[in-house]
Protein chains: 2
Amino acid sequence: MDQTETGNQTYSIGQLAEEFDVTSRALRLYEEEGLLNPLREGTRRIYRERDRVRLRLILRGKRLGWSLSEIRESFDLYDSSHGEEAQLELMLEKLGQRRDVLNAQKKDIDNALADLERIAANAGAALREIRSSQRKLSHG
Amino acid sequence: MDQTETGNQTYSIGQLAEEFDVTSRALRLYEEEGLLNPLREGTRRIYRERDRVRLRLILRGKRLGWSLSEIRESFDLYDSSHGEEAQLELMLEKLGQRRDVLNAQKKDIDNALADLERIAANAGAALREIRSSQRKLSHG
DNA sequence: TGAGTAGTTGACGTTAACGTAAACGTAAGG
DNA sequence: CCTTACGTTTACGTTAACGTCAACTACTCA
């Protein structure tokens with residue numbers, strides 16, 4: 001079969017660190033915490049596409065304010081899609097909780113955005129006022 | 001004039017802590033960091049409506065993953081709506097940056113929600129499969 | 001008057017998420 | 001062969017955001 005050559009590329013820790021603008025120290029920490037699992041070539045770490053995907057998810061989690069252990073829990077959810085009945089039920093419950101939190105977070109963001117808009121509108125008005133009075137003076 | 005009696009109520013640190021489910025230690029910390037400014041009655045802290053409003057904003061900020069100093073910066077933005085021209089321009093720029101970050105965060109959330117949906121759909125399917133095969137067995 | 005209850009100010013402890021430095025290994029290049 | 005670049009582990013340092021005493025004050029109430 002024509003084995004597709006997609007995703008066979010590998011990366012050193014330095015390459016990955018530079019690409020995602022994190023330090024190699026951070027990558028090693030994420031590995032210690034069970035968030036990444038690079039291959040080894042002797043002692044050196046070899047990262048593959050799946051590690052890049054995971055790193056992307058890690059960084060997204062961080063942007064959402066998650067702790068590393070919360071991020072790992074989300075990976076665990078993802079990985080254990082194939083369990084037994086009780087397992088799956090628990091999982092669906094946790095997924096529901098996460099969804100609720102995310103939706104609440106969206107509301108918080110919308111409220112914060114609305115606040116920003118109000119403040120910006122005031123500031124914009126104040127600024128136009130200042131500038132219009134400046135024009136008057138310069139025409140005196 | 002009929003001075004409206006709205007918002008004249010005050011709160012002790014314990015009351016406020018219980019209402020918002022934070023510790024009094026946290027409230028004192030927020031004060032140290034310049035996020036809250038309760039009155040004093042002798043040595044005791046007296047919180048008013050404006051402090052409650054601020055606390056609400058603090059907790060919202062925390063839910064969005066902001067640090068205390070980021071939260072304070074946002075308060076500073078709010079408070080300095082009445083500055084001079086350069087000040088206002090700088091402010092509008094910062095407001096724009098915050099808005100961009102918040103919008104990016106919304107996208108992250110939407111992506112995370114989409115991921116959750118996919119996982120939940122898979123888990124749900126797996127669960128139904130298990131249950132249907134269980135029914136078959138019980139009818140054997 | 002004595003015991004609670006709630007508040008105060010230090011000050012030290014703790015956890016997460018890295019930063020930073022030391023001491024070492026290894027492959028490439030001049 | 002020696003340097004340079006990049007990697008490794010080990011371990012201690014740092015910052016934020018509190019937690020947790022300890023020692024003290026002030027008020028109330030039986």
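Naming convention: chains lettered A, B, ... in sequence-line order (proteins, then strands); numbering from 1 in each chain. Any value given below was found using the heavy atoms of this structure, including those in side chains, with hydrogens, waters and symmetry copies removed. These numbers come from a predicted model, not from an experiment.
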Atom pair distance, as rounded to whole Å: [atom1] in [X] and [atom2] in [N]:
X        : N       : atom1 : atom2 : value
Ile46(B) : dA6(C)  : CD1   : P     : 15 Å
Glu32(B) : dT9(C)  : CD    : P     : 9 Å
Glu31(A) : dG7(D)  : CD    : P     : 14 Å
Arg45(B) : dT25(D) : CZ    : P     : 17 Å
Leu27(B) : dT20(D) : CG    : C1'   : 16 Å

Determine whether [X] and [Y] make a side-chain contact, defined as any pair of heavy atoms from C-beta on separated by less than 4.5 Å.
X         : Y        : value
Leu39(A)  : Thr10(A) : no
Asp115(A) : Arg60(B) : yes
Tyr11(B)  : Asp51(B) : no

Charged N-O contact under 4.0 Å between Arg52(B) and Glu49(B):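 Salt bridge: yes.
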Within 6.0 Å of CD in Glu18(B), more than 12 heavy atoms from elsewhere: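 No - once you tally the heavy atoms of other residues, nucleotides and ligands closer than 6.0 Å, there are 12 at most.
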Over 12 non-hydrogen atoms of neighbours within 6.0 angstrom of CD in Glu89(B):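 Atom CD in Glu89(B) is packed in, count exceeds 12.
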Mind listing the N/O atom pairs, protein and nucleotides 3-6 of chain D, below 3.5 Å?
from	atom 1	to	atom 2	distance (Å)
dC6(D)	O2	Arg44(A)	NH2	3.2

Sugar-phosphate, base or nothing in reach of Arg28(A), heavy atoms under 4.0 Å: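 The answer is base, as Arg28(A) lies within the cut-off (heavy atoms under 4.0 Å) of a base atom.
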Rounded (10°) bend between the five-pair end axes of the helix from dT1(C)-dA30(D) to dG30(C)-dC1(D):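 Rounded value for the end-axis angle: 10°.
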Pairwise side-chain hydrogen bond (donor to acceptor under 3.5 Å, both in side chains) hits with a residue in residues 102-114 of chain A, at least two apart: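 Only Lys106(A)-Asp110(B), Asp108(A)-Arg63(B), Asp110(A)-Lys106(B) qualify under side-chain hydrogen bond (donor to acceptor under 3.5 Å, both in side chains).
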Indicate every side-chain donor-acceptor pair of residues 68-77 of chain B with a distance under 3.5 Å to a residue at least two apart or in another chain.
from	atom 1	to	atom 2	distance (Å)
Ser69(B)	OG	Ser67(B)	OG	3.2
Glu70(B)	OE1	Ser67(B)	N	2.8
Glu70(B)	OE1	Ser67(B)	OG	3.4
Arg72(B)	NH1	Glu33(B)	O	2.7
Ser74(B)	OG	Ile71(B)	O	2.6

Donor-acceptor pair, side chain of Asn122(B) and main chain of Ile119(B), under 3.5 angstrom: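 Judged by distance alone, no pair lies under 3.5 Å.
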Pair Arg131(A)-Arg128(A), side-chain contact (heavy atoms from CB on, under 4.5 Å): steps then yes or no: CA-CA 5 Å; Arg131(A) 285 179 176 154; Arg128(A) 277 188 297 278; 5.7 Å; no
All side-chain hydrogen bond (donor to acceptor under 3.5 Å, both in side chains) counterparts of Asp79(A), not counting sequence neighbours: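 With sequence neighbours excluded, Asp79(A) shows a side-chain hydrogen bond (donor to acceptor under 3.5 Å, both in side chains) to Arg54(A), given in chain and number order.
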At a cut-off of 3.5 Å, list every protein nitrogen or oxygen paired with a nitrogen or oxygen from nucleotides 14-20 of chain C, distance to 0.1 Å.
from	atom 1	to	atom 2	distance (Å)
dA17(C)	OP1	Leu68(A)	N	2.8
dA17(C)	O3'	Lys62(A)	NZ	3.4
dC18(C)	OP1	Lys62(A)	NZ	3.3
dC18(C)	OP2	Tyr30(A)	OH	3.0
dC18(C)	OP2	Lys62(A)	NZ	2.3
dG19(C)	OP2	Thr23(A)	OG1	2.6
dG19(C)	N7	Arg25(A)	NE	3.4
dG19(C)	O6	Arg25(A)	NH2	3.3
dT20(C)	O4	Arg25(A)	NE	3.2

